[in-house]
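Notes for the one structure printed next.
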Amino acid sequence: MQRGWHFLQIPGPSNTPQRVLKAMSSPTVDHRGPEFGKVTLEILNKVKEVFQTSGDVIIYPSSGTGAWEAALVNLFQPGDKLLSYESGHFSTLWKNLAKKIGLDVHEIPGDWRSGVQAERIAENLKQDSGHEIKGVMVVHNETSTGITSDIKAVRKVLDEVKHPALLLVDVVSSLGTTSFPQDKWGVDVAICASQKGFMLPPGLGFNSINKKALEASIKNVSLNSYWNWERIVEMNQTGYYPYTPASNMLFGLNEAIDMLFEEGLENVCQRHKRHAQATREAAQIWGLENQCLVPDEHSDSTTALIVNDGKADILRKIALEKLNMSLGTGLGKLKGKIFRIGHLGDFNDLMLCGTLAGVEMGLELAKIPHQKGGVQAAMDYLTGN
Ligand SMILES: *Cc1c(COP(=O)(O)O)cnc(C)c1O
């Protein structure tokens, strides 16, 4: 029997604010009626500001995985060559999906402890003088490792090498937590989902696309899919969809974007940065090693900490059963080796302190060697900054 609220401290889905839940609880509407078109137009205009793009944002009733697939099938045909960078579990899943649908992906291997090294992408592109590589796939914030990569640097090497490949970036756990100005950074396609920085439940997938990407999809002769951008963009002009959209999720999105704008996107990012730093202050006192080895690449939405002797899952089990808190599991080859603290979305200082207190108590209960005082260090950081 557990009283009080559950601490959902996985790095997505994040906590959904009451305001968003309330907006979602409105009655189901006629998605071809006059009111719905108006609301959709409003949402589509506002969501562009979140991506900081003048392009089109396509919103699917899907998870992030669907949005990954959508981007790939719109732009490429089976046999097309792509370059991907292994940053962790999510980059691996995306690459595997691309291979399954017949794309010829060359993956630059990574160590899961540092972000994308743009110069290694440059090396590969320089060797491709015939411009056979049609796209470059990178993950902005690798949620499985708590590592954020420098997307500007990737754009820069594409420009320097003068390579025409499209740049596809997964921003599922960075949008709404970490600065991501899509147009300024020259990202052709940004892929996102609703359940992280957008503070919504899972259920919406996003493809934010520029002109170059839309034109490439229109030229794609093998494209014949539910995911087809062109049809959706066309119908979106008047605020409608070629299929039944997830209307109540869209109402929630409308409210969530208002919340992001009320706070200010920059302030939202600063808040996440501050909570991430406070979390690392605690981890340092505990003596737990961060999965991310590069100081500039620490994620603002997720902190992944290493627990020796495979005790990470014991810690998570105790946190859940005794303290009513969910912590993120180690994914892929990190299973059992790390646990992840999600500090993203609708989140404040005391929620962070509660979360960190739960981790510190969990470490004690799981008999994992650590030094006490991590929560104090985090509180000191929060009060001092
Ligand atoms: C959560 C996440 C996804 C999500 O995919 P789902 O299909 O919604 O589970 C993709 N990429 C990253 C980086 C993520 O953090």
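Not measured: the values here are computed from a predicted model.
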Inset, instruction - Scan L315, N308, V307 and name whichever one has a side-chain contact (heavy atoms from CB on, under 4.5 Å) with K311. - result: V307
Legend entry - Greater than 12 external heavy atoms within 6.0 Å of M259's CE: yes
Inset, instruction - Could you walk me through whether D183 and S54 pass side-chain hydrogen bond (donor to acceptor under 3.5 Å, both in side chains), step by step? - result: CA-CA 7 Å; D183 286 0; S54 61; 3.3 Å; yes
Legend entry - Nearest non-hydrogen partners of D300 and T177, listed with the distance: CB-O, 4.3 Å
Legend entry - Close side-chain approach of L352 to D349, heavy-atom, < 4.5 Å: no
Inset, instruction - For residues V29 and E35, determine if any side-chain heavy atom of one lies less than 4.5 Å from a side-chain heavy atom of the other. - result: no
Legend entry - Carboxylate-amine/guanidinium contact E123 R120, below 4.0 Å: no
Inset, instruction - Please check if the side chain of S194 supplies one atom and the backbone of L204 the other of a donor-acceptor pair under 3.5 Å. - result: yes
Legend entry - Exercise: do W229 and N207 side chains pair donor with acceptor under 3.5 Å: yes
Legend entry - L168 backbone acceptor or donor facing D188 side chain under 3.5 Å: no
Legend entry - Over 12 foreign heavy atoms within 6.0 Å of CD, Q2: yes
Legend entry - Distance in Å, K95 NZ paired with I108 CD1, rounded so as to fall on 0.5 Å steps: 12.5 Å
Inset, instruction - Mind checking the CE-CD1 spacing from M137 to I121? Nearest 0.5 Å is all I need. - result: 11.5 Å
Inset, instruction - Identify the heavy atoms of R340 and P11 that sit nearest to each other, and give their distance. - result: NH1-CG, 3.3 Å
Inset, instruction - Check the pair W112, H89 against side chain to side chain contact (heavy atoms under 4.5 Å, CB included), reporting the backbone distance first and the verdict last. - result: CA-CA 8 Å; W112 294 40; H89 187 65; 3.9 Å; yes
Legend entry - Shortest non-hydrogen contact between L382 and R274, atoms and distance: O-NH2, 2.9 Å
Legend entry - Approximate separation, where rounding is to 0.5 Å, of F206 CZ and S62 OG: 9.0 Å
Inset, instruction - Determine whether S91 and E142 make a side-chain contact, defined as any pair of heavy atoms from C-beta on separated by less than 4.5 Å. - result: yes
Inset, instruction - Ignoring hydrogens and angles, tell me if any N or O in the side chain of N220 forms a donor-acceptor pair with the backbone of A216 under 3.5 Å. - result: no
Inset, instruction - Give me the one residue out of V187, I209, L175, V57 that meets side-chain contact (heavy atoms from CB on, under 4.5 Å) with Q182. - result: V187
Inset, instruction - Using the salt bridge (charged side-chain N to carboxylate O under 4.0 Å, His left out) rule, pick out the option among K156, R155, K162 that qualifies with D159. - result: R155
Legend entry - Pair V172-T143, side chain to side chain contact (heavy atoms under 4.5 Å, CB included): steps then yes or no: CA-CA 9 Å; V172 178; T143 326; 6.0 Å; no
Inset, instruction - Starting from the C-alpha separation in whole Å, work towards a yes-or-no answer on salt bridge (charged side-chain N to carboxylate O under 4.0 Å, His left out) for E321 and K317. - result: CA-CA 6 Å; E321 290 174 359; K317 188 165 186 278; 3.5 Å; yes
Legend entry - Residues W185, H140; criterion side chain to side chain contact (heavy atoms under 4.5 Å, CB included); working and verdict: CA-CA 12 Å; W185 287 2; H140 185 200; 3.9 Å; yes
Legend entry - Exceeds 12 heavy-atom contacts within 6.0 angstrom, atom CD of E107: yes
Inset, instruction - Output, in order, the C-alpha distance, side-chain angles, deciding distance and verdict of side chain to side chain contact (heavy atoms under 4.5 Å, CB included) for L323 and F7. - result: CA-CA 9 Å; L323 305 167; F7 271 69; over 6 Å; no
Inset, instruction - Answer yes or no: is there a donor N or O on one side and an acceptor on the other, between the side chain of S14 and the main chain of G345, under 3.5 Å? - result: no
Legend entry - Y85 side chain to Q117 backbone, donor-acceptor under 3.5 Å: yes
Legend entry - Minimum-distance pair of heavy atoms, taken over all atoms of I314 and A366: CG2-CB, 4.2 Å
Inset, instruction - Quick one: list whatever passes salt bridge (Lys or Arg N to Asp or Glu O under 4.0 Å) with R19, sequence neighbours left out. - result: E255, E262
Legend entry - Flag side-chain contact, heavy atom, 4.5 Å: W227 against I232: no
Legend entry - Residues, nucleotides or ligands: over 12 heavy atoms within 6.0 Å of K46 NZ: yes
Inset, instruction - Output the distance between atom CG (D111) and atom CD (E86), rounded to the nearest 0.5 Å. - result: 8.5 Å
Inset, instruction - State yes or no: do L344 and V20 share one hydrophobic cluster built from I, L, V, M, F, W and Y residues joined by side-chain heavy-atom distances below 4.5 Å, directly or via other members? - result: no
Inset, instruction - Check whether any side-chain heavy atom of F90 sits under 4.5 Å from a side-chain heavy atom of L331, and report yes or no. - result: yes
Inset, instruction - Indicate yes or no: at least one non-hydrogen side-chain atom of L305 is less than 4.5 angstrom from one of V359. - result: no
Inset, instruction - Report the residues that fulfil ring-ring contact (aromatic ring centres under 6.0 Å, His included) with F36, sequence neighbours left out, ordered by chain and then residue number. - result: none
Inset, instruction - Evaluate the ring planes of Y60 and Y226, with Trp represented by its six-membered ring, and classify them as parallel (under 30°), tilted (30 to 60°) or perpendicular (over 60°). - result: tilted
Inset, instruction - Report yes if some heavy atom in the side chain of I59 is under 4.5 Å from a heavy atom in the side chain of L250; otherwise report no. - result: yes
Legend entry - N385, CG: over 12 other non-hydrogen atoms inside 6.0 angstrom: yes
Legend entry - T178 side chain near H272 side chain, heavy-atom distance below 4.5 Å: no
Legend entry - Main-chain N/O of M325 paired with Q9 side-chain donor or acceptor, under 3.5 Å: no
Inset, instruction - Among L72, L103, V105, T92, find the one that has a side-chain contact (heavy atoms from CB on, under 4.5 Å) with L97. - result: L72
Inset, instruction - Report the distance from atom CD1 of I147 to atom OG of S299, rounding to the nearest 0.5 Å. - result: 9.0 Å
Legend entry - Side chain H298, main chain P295, donor-acceptor under 3.5 Å: yes
Inset, instruction - Scan residues 337-382 for pairs that pass ring-ring contact (aromatic ring centres under 6.0 Å, His included), counting only residues two or more places apart or in two chains. - result: H275-F347
Legend entry - Exam field: side chain N45 to backbone E42, donor-acceptor pair closer than 3.5 Å: no
Inset, instruction - Identify the two heavy atoms, one from A377 and one from E281, that lie closest to each other, and give their separation to 0.1 Å. - result: CB-O, 3.9 Å
Inset, instruction - Say whether, by atom type as modelled, one donor and one acceptor occur between the side chain of E297 and the main chain of C292 under 3.5 angstrom. - result: no
Inset, instruction - Just do the side-chain hydrogen bond (donor to acceptor under 3.5 Å, both in side chains) check on T329 and K335 with the steps written out, would you? - result: CA-CA 7 Å; T329 183; K335 179 80 192 142; 2.9 Å; yes
Inset, instruction - Determine the sole option in R280, R113, K337 for which the salt bridge (charged side-chain N to carboxylate O under 4.0 Å, His left out) test with E289 is passed. - result: R113
Inset, instruction - Might you point out which heavy atoms bring G252 and L200 nearest each other, and give the distance in Å? - result: C-CD2, 3.3 Å
Legend entry - N/O donor-acceptor pair under 3.5 Å between T40 side chain and G239 backbone: yes
